[in-house]
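Remarks on the structure that follows.
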Amino acid sequence: MKKQRSPAGPRAKALGLGIGGIVLFFLIWEATPRLGLVSDRYLPPASEVLVRLAQYFTEAAFWKDVADTMTSWALGLAIATVAAIVVGLIIGSSRFLRRATHTTIEFLRPIPSVALIPLAVLIFGTSIESTLLLVVYASFWQVLLQLLYGIADVDAVANDTAKSYGLGRLARVRYVIWPTALPYLMTGLRLAAAVALILAITAELIIGTPGLGKQIALTQSGGAISSMYALVLATGLIGVLINLAARIIEKRVLSWHPSVRGEVVL
Amino acid sequence: MSPLKRVAYFFGLPIVLIVLWWALSFGSTNFFVPKPFELAQTLWTTWIGERFFEDVLPSLGRLAVGLLFAIGLGIVLGLLIGSTRWLRNLLEPMLEFFRAIPPPVLVPLLMLLIGVNDSMKVAVIISGAIWPVLLNTVEGVRAVDSVLNDSCRSYGIRGFARIRYFVLPAVTPQIMAGVRQSLSIGLILMVISEMFASSSGLGFTIVQFQRNFAIPEMWSGIVVLGLIGLGLALIFQFVERRVLHWYHGLKEITHDS
Amino acid sequence: AGTDATTPAADGDALTPVTVGVIPIADTAPLYLGLEQGFFEEEGLKLTIETATGGAAIVPAVVSGDYEFGFSNLISLMVANDKGLPLEVVSPAVASTGDVDSDFGAVIVKGDSPVTSLADLDGGTVSGNSLNNIVDTVMRSSIDRLGGDSSSISFVEIPFPDASAAVENGQVDAAFVVEPFVTAALESGQRVISYGYADFDVNLDVAAYFSSAATVSADPEMVTKFQAAMTKSLEYAQANPDAVRAIIATFTATPEEVLAKIVLPKFPTEFNVDAVTALGDAALEYGVVETAPDMSTFLP
Amino acid sequence: MTVSDTTVNRPVKTVPMLSVRGLQKIYKVPGGEVEAVRDLTFDLAEGELVCLVGPSGSGKTTLLKCISGLMEQTSGTVELAGSKVTGPPKSMAVVFQEYGRSLFPWMTVRGNVELPLKNQKVPKAERTALVDAALKSVGLDHVPKSYPWQLSGGMQQRVAIARAVAYRPQVLLMDEPFAAVDAQTRADLEDLIRTIWKQLGVTILFVTHDIDESVYLGERVIVLSSSPTVVQEDLKIDLPAERDQLNTRALPRFMELRSHVYAEIQRAKLGPVTEQITAQRKAARK
Amino acid sequence: MTVSDTTVNRPVKTVPMLSVRGLQKIYKVPGGEVEAVRDLTFDLAEGELVCLVGPSGSGKTTLLKCISGLMEQTSGTVELAGSKVTGPPKSMAVVFQEYGRSLFPWMTVRGNVELPLKNQKVPKAERTALVDAALKSVGLDHVPKSYPWQLSGGMQQRVAIARAVAYRPQVLLMDEPFAAVDAQTRADLEDLIRTIWKQLGVTILFVTHDIDESVYLGERVIVLSSSPTVVQEDLKIDLPAERDQLNTRALPRFMELRSHVYAEIQRAKLGPVTEQITAQRKAARK
Ligand SMILES: Nc1ncnc2c1ncn2[C@@H]1O[C@H](COP(=O)(O)OP(=O)(O)OP(=O)(O)O)[C@@H](O)[C@H]1O
Ligand SMILES: Nc1ncnc2c1ncn2[C@@H]1O[C@H](COP(=O)(O)OP(=O)(O)OP(=O)(O)O)[C@@H](O)[C@H]1O
Ligand SMILES: O=[N+]([O-])[O-]
Ligand SMILES: [Mg+2]
Ligand SMILES: [Mg+2]
């Protein structure tokens, strides 16, 4: 960030564009019911929903719901990520394990978390553990798979270098494999973060544990349509914020990576 | 690898797990907990026959269409967004917004906008399966090798040729990681799309079984999902081997540990 | 209200904790009222209400003993019974109003639809919130009774909140909805062609409270207490519609102005055995169950 | 502006093919700046073959990237045949120092060499002929179907050279193109470059570390100072146009020139002559 | 087995530090095989400094990878101090030809050099001293906090050299380690290698394309034939132990040796002498 840059720095410009994109989206949304493309009884105009959302922002109960949802999200994502990293590094650094686990992983991955709800409730009751099980199950695979691809991307010369200097398996994981896989992992984390949020809300919605999901279910069954869209909007906003946080982390941990270095520009 | 070894790798761990499961569920009388033998039987009686053609095949058809669109759109949008910074800045917040919306609340909206039909279900599949491809493509494009990029520029390789000969192949390893994720997510969303506004399909049937306490049948449906996932993974592996043979050659020289 | 000389000492230690899993809709208002009015404490129960969107979470929780009781529609309970799931019906919950011209569940059509009766739906598409369940069973039965052919109709699943839109967009010809969506549909100019439950039987029991066989045999006394408290609650609710409307506002998100207009169901204290038997027969006829439930064991 | 008496300052009558004026490049790095190139000014006439030598890290690669329009300079201008370079010009080819990373690993050797021609829509038959000739000239006609990662370092580098040669550019920039090949191959490739240069009249800017090579190949040798970089010397190589590995290298004049360049490089490395040169230049401008 | 009269066949009394016997390496490629190395046999005594030269693609890198245990040979054995090499030995360091890819882009220059020491649990203070000294010796003490991709090619290569030097291995394998540095730096680094060699008694196998360099540096020069590769010549360099850039290179014996190596390489490139050599060897065995 040197002075020579234009007064509106690139970061400000990026932010401006991002906000522009969102404004555009709201305009389209506003127009859709207003122009009668869809009845406003089923899709209220954006302005109405935004007003409702602003109202929510002043309610303590709403923030309690947000906190509940974010707790399941954060816990679930953390467990899934740690588990996936441990499993991924173990499987990824052994050809035998990679081959032996392939069938099982591919069989388990497409099983929808939602289908596991009865089992989860049976085992854990309707406590937070049930929600966590669903969140963890769904987001675990995203991180694991990305990590496995990341590990496969290790540069042969870099790996040889490490080996020739006597770096053992663990040291290679720490100093070579991990940094190489990190960009893939970050993508996995961003994928998993959204899936975890989706599952936290879906689980609340179906199991009925407190949180945004339960409120969405209530507003749906209560016919409070603008409230429902306001909550959906809140969910989307949380997604945007999570991504923002992920980008900031990425900037820090991947400062050396071409995608962040930004050498390649069009 | 010898065919025998291949078979051993393929079935080894699953067999171990099934035996373990059998042992653990041996004494159980719980209604909701499936048992391997019972399940295998149910699998056969439930899914072989009419139901295969009326529920499974149409679902697979929608899945195939959805996945093709998700992958195609994901790659095209990913290439565009990844290589154009202003476009990325413009769209990223919006895309992240949609990515965070749970399908169960997205479905009613799609129903409203598209209608109660196959297109809606395909749209649900696309709405979830596109993200891994899109994100991986965007990140891959952002990380292309700078020297290769310079080579292209200095030889005047631009526009479509640049995409075709440089960006796309360079990003393919990462796209493949995304596609592999998309396959299973697409399958999950196929189920979710059939939970609403539906009257047939694999997902619909599984949910029906669940609601009607046909628990072994429900588990057998989940096994079918797993098997389809496995099938997709095998097809995928076959394609990946061909598309990425250069990459495996490049990387596996020393990966034999 | 409702304190009674025989009330056991209201000291917390003596109370037996019970958890009931319900769907947060108007139908379960008596339970909330009973809690508010202290009917459960009077019986020595410390009531906790847990909510879920459907049976997917409630039934396993009751089976595992996590919840003592649950709320479910009667067809689901018949299906469970049919499948050998060890559930027992313990108390009525909600029933049709007894008025064929005003009920809490209705089949709606578009304002300008030529359809005026269930019998006109032949060959059309009709939605219900869940197929092979109570909603389509009563509709099929009424259609066939009125001379239509229910087998010519394709039923699709659309959740109640989204059904009115599907009707309006012409995606379905008719939809079964419950309150508050009946009121909302009428206000938006849609028409009711049948009050589905009442049309089947004016006094049809729609849902019930249930427990697991294990819970019932382990603590029959607690079940009896729950039944007694439920009876008080249902009676109270039936007698105080304004209190019902007021309490619904506390556990649903239905806007107050809508709540003032919705049709409330009936909260019976006894099952209408004839209606339930008819429902069981209909379930058998339309293949929802393989054997009709035996009322002497199915109902408490 | 002259530093030594052998330095030339040839009056350029026509528009020079390549003209670099006051070029400066500052890299922005977190927590500071690196001035890689301070102030470079020189011209290449059409059809000239100029070698560029300079200490490691003196900014030769940086300079080439700016000339080829791949990187924006901080100040100064680069002109190609009279018009400003803002992006990579079509008529220019670059052989990169990081040859390993400049080849497409998903394409065969042939595919790599053919790609720029295909992109230029050169007809199939002509393309095949050009590619075959280029591969043969670098001694790689036996591996057209191999992938770059199946080749040795020197072979990879030769593929990159073949690609540039087959492209037939007007201006050819080469960044230490022979660093990874053996002495004999190097000699052959040097002669190849001179042959192509004479036959096609291409303008060549050739970065090398090998002093003998710079003298043997070039018509001029530009010596860069160490970073931050200025032109330390611009030396005319007054050797006969017909050169050969044995006789030319044995000429006394060759020895003189190589000693001179060697001394200059040593001087460049030892201390920053920058201030001194800048002062001189300033004085000259006044 | 001797090809020329200057070739030596020194009787090795003690167990050699490095012993390569009948090494063959065949790469499997889709649709065939590439025999990169056919049959290599030679020894390095403890503390020897041997240079390896050979045409581009003759299998030098392949050989080094087999010796360092990074790649399995197809047949033959490699022994280090009498025991078979099956994986990378701890006491060996390698400087790779692809220096750019052998540096970790996520670590600073200092981090890269320090990593192997850290991994060996060298105490902090000693480590710092070793790293500082190594960076200073390659002339990079001013950029410890830079990342490899912020450095010029030659600087990157010197980081890789510094890493090997700081590691203080018993055996050092270097694959064209000076390919990307300028003449002056190259001379300095050559002297650095000889100094380290003498001070630490390390055994060095040094691959180079520069014939002068091989003669100047080595106590022996092994010339490889072109692929499929055998040892074409094993030449003792009988120059004085104390060498310096000006005087040693001016010695008539130096000139003789370099001409000899040059001729050998040319011969290696021209035709496969393989058959001839194999025949000789077979005869010698009988
Ligand atoms: N991306 C970058 N960021 C920061 N500094 C850089 C970058 N690229 C190069 N430099 C610095 O610029 C200077 C010149 O680098 P350049 O690569 O142009 O040198 P060079 O003359 O090509 O050297 P060599 O002969 O070793 O290849 C060096 O000091 C280097 O550290
Ligand atoms: N991974 C590989 N797959 C197939 N062939 C290979 C592979 N690596 C090297 N080769 C072949 O083996 C031969 C020797 O390669 P190597 O890299 O060892 O040569 P080199 O002597 O180091 O050459 P240079 O001096 O050019 O670096 C070459 O013909 C090359 O094409
Ligand atoms: O796993 N999911 O149900 O999305
Ligand atoms: Mg350079
Ligand atoms: Mg090599």
Side-chain angles (χ1 to χ4, degrees), chain D residues 27 29-32 34 36 53-62 96-101 139-140 142-143 145-147 150-158 175-176 178-188 208-214 226-227 258 261-262 265-270, chain E residues 27 29-32 34 36 53-62 96-101 139-140 142-143 145-147 150-158 175-176 178-188 208-214 226-227 258 261-262 265-270:
Chain D
Y27 286 102
V29 292
V34 176
V53 296
S56 176
S58 62
K60 302 178 294 296
T61 300
T62 304
F96 292 88
Q97 185 175 13
E98 292 169 281
Y99 54 92
R101 283 171 62 196
L140 284 179
H142 59 299
V143 290
K145 281 185 192 159
S146 294
Y147 286 87
Q150 294 175 331
L151 302 182
S152 77
M155 292 159 94
Q156 288 176 19
Q157 197 162 34
R158 285 181 277 152
D175 199 351
E176 300 180 32
F178 307 151
V181 298
D182 63 279
Q184 175 59 43
T185 309
R186 188 168 196 138
D188 295 347
T208 178
H209 282 133
D210 188 324
I211 293 165
D212 291 51
E213 181 169 270
S214 72
S226 64
S227 189
R258 83 170 286 291
V261 174
Y262 192 82
I265 293 208
Q266 225 155 351
R267 204 158 67 84
K269 279 213 67 185
L270 283 179
Chain E
Y27 286 103
V29 292
V34 176
V53 295
S56 177
S58 62
K60 302 178 294 297
T61 301
T62 304
F96 290 87
Q97 184 176 14
E98 291 169 282
Y99 54 91
R101 284 171 65 194
L140 284 179
H142 58 300
V143 290
K145 283 186 191 156
S146 293
Y147 285 87
Q150 294 174 330
L151 302 182
S152 77
M155 292 159 95
Q156 289 177 18
Q157 197 162 32
R158 284 181 279 153
D175 199 353
E176 301 180 31
F178 306 151
V181 300
D182 62 279
Q184 174 61 43
T185 309
R186 186 167 197 140
D188 295 347
T208 178
H209 283 133
D210 188 324
I211 292 163
D212 290 52
E213 182 168 88
S214 72
S226 63
S227 191
R258 81 170 289 290
V261 175
Y262 191 83
I265 292 207
Q266 226 154 351
R267 204 159 67 84
K269 279 212 65 179
L270 283 179

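Note on naming: letters A, B, ... go to the chains in the order of the sequence lines (proteins, then strands), and numbering restarts at 1 for each one.
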Any donor-acceptor N/O pair, D:D182 side chain to E:H209 backbone, under 3.5 Å: no
Region of D:Y99 in contact with chain E, defined by heavy-atom distances below 4.5 Å: side chain
Under 4.5 Å from a heavy atom of chain E, the part of D:Y262 involved: side chain
D:T61, part contacting chain E, at a heavy-atom distance under 4.5 Å: neither
Interface moiety of D:D212 toward chain E, non-hydrogen atoms closer than 4.5 Å: neither
Atom group of D:S152 that falls short of 4.5 Å from chain E, counting heavy atoms: side chain
Leading residue by heavy atom contact count with chain E [cutoff under 4.5 Å; candidates D:S58, D:G57, D:G54]: D:G57
Partners meeting side chain to side chain donor-acceptor pair (under 3.5 Å) with D:S214 (sequence neighbours left out): none
Interface residue of largest heavy-atom contact number with chain D, from E:M155, E:K60, E:R101, E:Q97, under 4.5 Å: E:Q97
Between E:A183, E:A180, E:G100, E:G154, the one whose heavy-atom pairs under 4.5 Å with chain D are most numerous: E:A180
Salt bridge (Lys or Arg N to Asp or Glu O under 4.0 Å) involving E:E213 - partner list, sequence neighbours excluded: E:R186
Heavy-atom proximity to chain E below 4.5 Å, by part of D:A36: neither
